[in-house]
Amino acid sequence: YQGKRGTADIVVYSGDGIGHSHQWLVVQAELRHALERGELVLHYQPKVNLADGEVRALEALVRWQHPQRGLVPPGDFLPAAEHSGLIVPLTEWVLRRALTDQVGWSAAGQQWAVSVNVSARNLEVPGFPELVANLLAETGTPARRLVLEVTETALAGDGEAAARVIGEIAALGVGISVDDFGAGYTSLSHLREVPVDEIKIDRGFVSDVIDDPRSRAIVRSVIELAHGLGSRATAEGVETAEIYRWLVEAGCDEAQGYLIGRPVPWPQVAPEFEVPKTV
Ligand code: C2E
Ligand code: CA
Ligand code: CA
Ligand code: CA
C-alpha cells in the first residue's frame with residue numbers, strides 16, 4: 001500500500017523491538033493469517049449511565065489471541081493493519097462479530113447497543129455505508145443498536161468526504177460518536193457538518209479533573225458543547241470513585257473506565273455498576 005500519509009507512520013509501531021521494515025512485513029503477513037484462522041477476539045467494555053449505573057452500551061475492543069505471544073493488545077498490531085490496508089477486512093470482521101454478539105446479548109435479554117471503533121481509512125473506502133447497512137441486515141440488528149466511534153482526527157482527515165460518509169451512515173439510523181475528543185486536531189467546524197450522538201471526552205482530561213483546574217474547565221466545556229449539539233457526553237478512563245462523583249455533578253451523561261469495568265468477553269460483563277455515594 002502506498003498511502004498518502006507515506007511511511008512516517010511506521011515509527012508509531014514499537015514494542016518487542018518491532019519497528020524495522022522486515023519485522024513490519026512479518027507482522028502484516030501474520031495478521032493476514034490471524035484474520036483467516038480466526039485468531040482475533042473482541043472484548044467489551046461497558047458504558048454506563050452516570051445517574052443510575054446502568055449499562056447503556058458495550059464498546060468492542062479487538063485483541064489478537066496469538067498462538068505464541070498470548071493476548072496481544074490492539075496498539076501492537078493496528079498500526080500495521082492501518083498501514084497495509086488490512087484494517088479494511090479487519091473492521092469488517094469486527095463489525096460482523098460485534099453485531100452477532102449484540103444479537104446474542106439481546107436474545108439473553110440485554111438491550112445494550114454495541115460501539116465499534118472505525119479508523120480513518122475505513123471512511124475513505126468506497127461503499128463503507130453500504131457495508132454497514134448490509135451487515136445490519138445480515139445479522140438482523142436494528143440500526144439504533146449500533147454506534148460507530150470515529151476519532152476527531154479521522155473527521156479532520158479528508159474533511160468533507162469523511163463528513164459525507166458519516167452523514168450517510170447516520171442516515172441509516174446508526175449512532176455516531178466522536179472518540180478521544182480534545183486529544184486530536186481541533187476540528188470544531190466538523191461538528192457543524194456531522195450529526196453527532198455522543199462525544200467521548202479523552203481520558204487525558206478525565207483523569208486529571210480532581211487535581212487540575214484547567215482539565216476541569218475543559219471537561220465542563222466539552223459537556224456543555226455536547227449538550228448544545230444535542231449529544232451525550234461520555235467520559236472515558238474513569239478510574240476512581242472521586243472522578244465518577246465529580247462527573248455526576250458536572251452533568252456528564254455516561255462513563256467508561258476501569259472503575260466500572262475492564263474489557264472482557266461479553267458474557268462476563270456485569271449488567272449494573274454500583275454508583276459511588278456522594279460523601
Ligand atoms: P479507545 O477507543 O480510546 O479505547 C479505550 C482504550 O482505553 C482501550 O484500550 C481500553 O482498554 C482502555 N481503557 C478503558 N478504560 C480505561 C481506564 O480506566 N484507564 C486506562 N488507563 N485505560 C482504559 P485498548 O483496548 O488497548 O484499545 C486501544 C485503542 O485501539 C482504542 O482506543 C482504539 O482506538 C483502538 N481499537 C481497539 N479496538 C479497535 C477496533 O476494533 N477497530 C479500530 N479501528 N480500533 C480499535
Ligand atoms: Ca473508542
Ligand atoms: Ca477513546
Ligand atoms: Ca483513547
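All of these numbers come straight from a predicted model, not from anything done at the bench. In each ligand, atom 1 is the first atom listed, and ligand 1 is the first ligand listed.
Set against the non-hydrogen atoms of Q45, the atoms of ligand 1 under 4.0 Å away are 14 (C), 15 (N). The distance from ligand 1 to the heavy atoms of P74 drops below 4.0 Å at these ligand atoms: 24 (P), 25 (O), 26 (O), 27 (O), 28 (C), 30 (O), 37 (C). Here is the list of ligand 1 atoms found below 4.0 Å of a heavy atom in E239: 17 (C), 18 (O), 19 (N), 20 (C), 21 (N). Every atom of ligand 1 with a heavy atom of E59 under 4.0 Å away is listed here by number and element: 2 (O), 4 (O).
Here the protein contributes E59 OE2, N117 OD1, E149 OE1, D179 OD2 as N, O or S atoms under 3.0 Å from the Ca ion (ligand 2).
Nearest residue to atom 25 (O) of ligand 1 from R97, R63, R262, R203 is R63 (criterion: closest heavy atom).
With a 4.0 Å cut-off on non-hydrogen atoms, V94 touches ligand 1 through its side chain and not its backbone. For L42, no heavy-atom contact with ligand 1 is shorter than 4.0 Å. With a heavy-atom cut-off of 4.0 Å, H43 does not touch ligand 1 at all. Under 4.0 angstrom from ligand 1, there are no non-hydrogen atoms of N122. For K200, no heavy-atom contact with ligand 1 is shorter than 4.0 Å.
The OG1 atom of T139 lies 12.5 Å from the CZ atom of R145; values are rounded to the nearest 0.5 Å. Rounding to the nearest 0.5 angstrom, the gap separating the CD1 atom in I199 from the OG1 atom in T234 is 9.5 Å. Remark: W112 CH2 to R56 CZ distance equals 13.5 Å, nearest 0.5 Å.
The N/O atoms of T91, backbone and side chain alike, include none that comes under 3.5 Å of an N/O atom in ligand 1. On a distance-only criterion, V62 and ligand 1 share at least one N/O pair closer than 3.5 Å. Ligand 1 has no nitrogen or oxygen under 3.5 angstrom from a nitrogen or oxygen of E149. In terms of polar-atom proximity, Q256 is not counted as a contact of ligand 1, lacking any N or O under 3.5 Å from an N or O of the ligand. Taking only nitrogen or oxygen atoms, main chain and side chain alike, D180 reaches within less than 3.5 Å of ligand 1.
Annotation: side-chain hydrogen bond (donor to acceptor under 3.5 Å, both in side chains) contacts of T151 (sequence neighbours excluded): none.
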From CA spacing to verdict: side-chain contact (heavy atoms from CB on, under 4.5 Å), K200, F181: CA-CA 6 Å; K200 295 185 79 171; F181 191 81; 5.8 Å; no
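With a 4.5 Å cut-off on side-chain heavy atoms, V114 and V147 do not count as touching. The shortest side-chain heavy-atom distance between R262 and Q45 does not fall under the 4.5 Å cut-off. Taking the side chain as every heavy atom from C-beta outward, V150 and N117 never approach each other to under 4.5 Å.
Q110 and S106 are not linked by any side-chain donor-acceptor pair at a separation below 3.5 angstrom, with hydrogens and angles left out of the test. With no hydrogens or angles considered, no side-chain donor-acceptor pair links E59 and S115 at under 3.5 Å. Using modelled atom types and a 3.5 Å distance limit, the side chains of H190 and E152 yield no donor-acceptor pair.
Ion pairing between a basic and an acidic side chain is recognised when a charged N comes within 4.0 Å of a carboxylate O; E39 and R63 show no such pairing. Salt bridge annotation for R32-E36: absent, with no cationic side-chain nitrogen under 4.0 angstrom from a carboxylate oxygen. A salt bridge links R232 to E254: at least one charged side-chain nitrogen sits closer than 4.0 Å to a carboxylate oxygen.
The closest approach between P263 and ligand 1 falls below 4.0 Å for a heavy atom of the residue.
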